[in-house]
There are 2 protein chains.
Amino acid sequence: MDSDRIRQQFAFCLEMDKEKNIGRQTYLADGARKENDAEHAWHMAVMTLILSEYANEEIDVLRTISMLLLHDVVEIDAGDTYAYDEEGKKSQRQRELAAAERLYGLLPPDQAEKMRALWDEFEACETPEAKFARTMDNIQPAMLNAAAGGKAWSEKGVHLNQILERNKNTANGSEILWNYSRENFIEPNVKSGQIKEN
Amino acid sequence: MDSDRIRQQFAFCLEMDKEKNIGRQTYLADGARKENDAEHAWHMAVMTLILSEYANEEIDVLRTISMLLLHDVVEIDAGDTYAYDEEGKKSQRQRELAAAERLYGLLPPDQAEKMRALWDEFEACETPEAKFARTMDNIQPAMLNAAAGGKAWSEKGVHLNQILERNKNTANGSEILWNYSRENFIEPNVKSGQIKEN
């Protein structure tokens, strides 16, 4: 056994623990606190197991889940950039590229390359798996925001056109899930005023 | 599209959110707080992606990850039973069976059966995937406990023989990972006194 290899792998696994301290802007369904990146990734992976039948094109579920489990690790160094933080989004790409270099670089070269390729695939959003992963990344917080009475939206004063812009590619992964999200999570919160009309 | 089906699936996905509120006895690596079931499941899924090459027998990674993502959901109703809580462990099986009935029963019948079968497979611990999942379930907290200076062990006054009993099947999934865990996580904490000698 290659003892350098296994040490590098465990160093990466341990470093991943920090994902649990990266806060997001989404409240849990009970509204008591906001979730973190690790919880978010886990929830999307579970949802992919249950909802993959609704992908527009057939997807490789392991590939999609692998992407989702690790796509936010760059935030260990780069921090979470809120979907509607236009200022933060300007430097986001640069910060995340440096983070990807360092974090995936903890792994042995073959795995570093493989995991980095999955991140690049998610970012490029061109394959059926990446498109579906992006659908999950938008639908999971919408489901929780709606369950928590829309307060993540109302606290930030989010407008419907911002949500529609954010979700402009959500239907590319799954039209059915985007329609479900719009009808069950977004529109009721426009009606109730938690999401501002344009 | 079957609208009952998709509603059942989303009801299950939303119910899963409660996993984030089920506390465990393992501290994060920085020792600041203990982790929850969702974070634990995510971490083991990531570790399976990175460490599956060390399984004693070849494993189906998606099947193993699927098992790990959902094997603790019964704790939403049954609560977490600490590995060394001998009293709690007496009623654990009964509580968890009732929980499995209710929680997997939220899903459409075909998926309820599939997910329940994965839980039964994990519990029976006979397939290569279930054995490896069990290895992850023991090695991930050992890694974190060691990183946090062993305080989860010392606070509970855990003895080495309890840890060895708990880990009696860990090598069945991966001898290499069990040896790594023993040498790097457990033995140093016996030497330093965080784990009591027998």
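Naming: A, B, ... by sequence-line order, numbering from 1 per chain.
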Query raised in the report: Is a side-chain donor or acceptor of B:Asp17 paired with a backbone partner of A:Leu28 at a separation under 3.5 angstrom?
Result: no
Query raised in the report: Does any heavy atom of chain B fall under 4.5 Å from the side chain of A:Leu69, the backbone, both, or neither of them?
Result: both
Query - Residue among B:Met115, B:Arg5, B:Lys114 with most heavy-atom pairs under 4.5 Å to chain A - result: B:Arg5
Report task. Determine whether more than 12 heavy atoms belonging to other residues, nucleotides or ligands lie under 6.0 Å from atom NZ of B:Lys196. Result -> no
Report task. Give a yes or no on whether B:Gln94 atom CD has more than 12 heavy-atom contacts from other residues, nucleotides or ligands under 6.0 Å away. Result -> no
**Report entry** Best-contacting candidate, B:Lys18, B:Gln140, B:Met16, against chain A by heavy atom pairs under 4.5 angstrom
**Finding:** B:Met16
Report summary line: Heavy-atom nearest pair, B:Arg7 first then A:Asn184, reads NH1-OD1, 3.2 Å
Query raised in the report: Taking the side chain as C-beta and beyond, is there a heavy-atom pair between A:Gln111 and B:Glu53 under 4.5 Å?
Result: yes
Query raised in the report: What parts of residues 145-179 of chain B touch chain A if we use heavy atoms and a cut-off under 4.5 Å?
Result: B:Ala147, B:Ile176, B:Leu177
Query raised in the report: Mind checking whether A:Phe10 and B:Ile50 have side chains closer than 4.5 Å, heavy atoms only?
Result: no
Query raised in the report: Contact part of A:Arg63 toward chain B, heavy-atom cut-off under 4.5 Å: side chain, backbone, both or neither?
Result: neither
Query raised in the report: Would the number of heavy atoms belonging to other residues, nucleotides or ligands and lying under 6.0 Å from CD of B:Glu187 be above 12?
Result: yes
Requested in this report: Please flag which part of A:Glu39 lies under 4.5 Å from any non-hydrogen atom of chain B: side chain, backbone, both or neither.
Outcome: both
Requested in this report: Counting only heavy atoms closer than 4.5 Å, note whether A:Asp37 contacts chain B via side chain, backbone, both or neither.
Outcome: neither
Query raised in the report: In terms of heavy-atom pairs under 4.5 Å, which option from B:Leu51, B:Leu70, B:Val61 contacts chain A the most?
Result: B:Leu51
**Report entry** Residue among A:Leu144, A:Ile6, A:Asn21, A:Asn36 with most heavy-atom pairs under 4.5 Å to chain B
**Finding:** A:Ile6
Query raised in the report: Going by residue number, which parts of residues 42-49 of chain B are within reach of chain A, meaning a heavy-atom gap below 4.5 Å?
Result: B:Trp42, B:His43, B:Ala45, B:Val46, B:Met47, B:Leu49
**Report entry** A:Glu197 atom CD, over 12 foreign heavy atoms within 6.0 Å
**Finding:** no
Report task. Give a yes or no on whether B:Ile22 and A:Tyr27 share a hydrophobic cluster (residues Ile, Leu, Val, Met, Phe, Trp, Tyr; joining criterion: side-chain heavy atoms under 4.5 Å apart). Result -> no
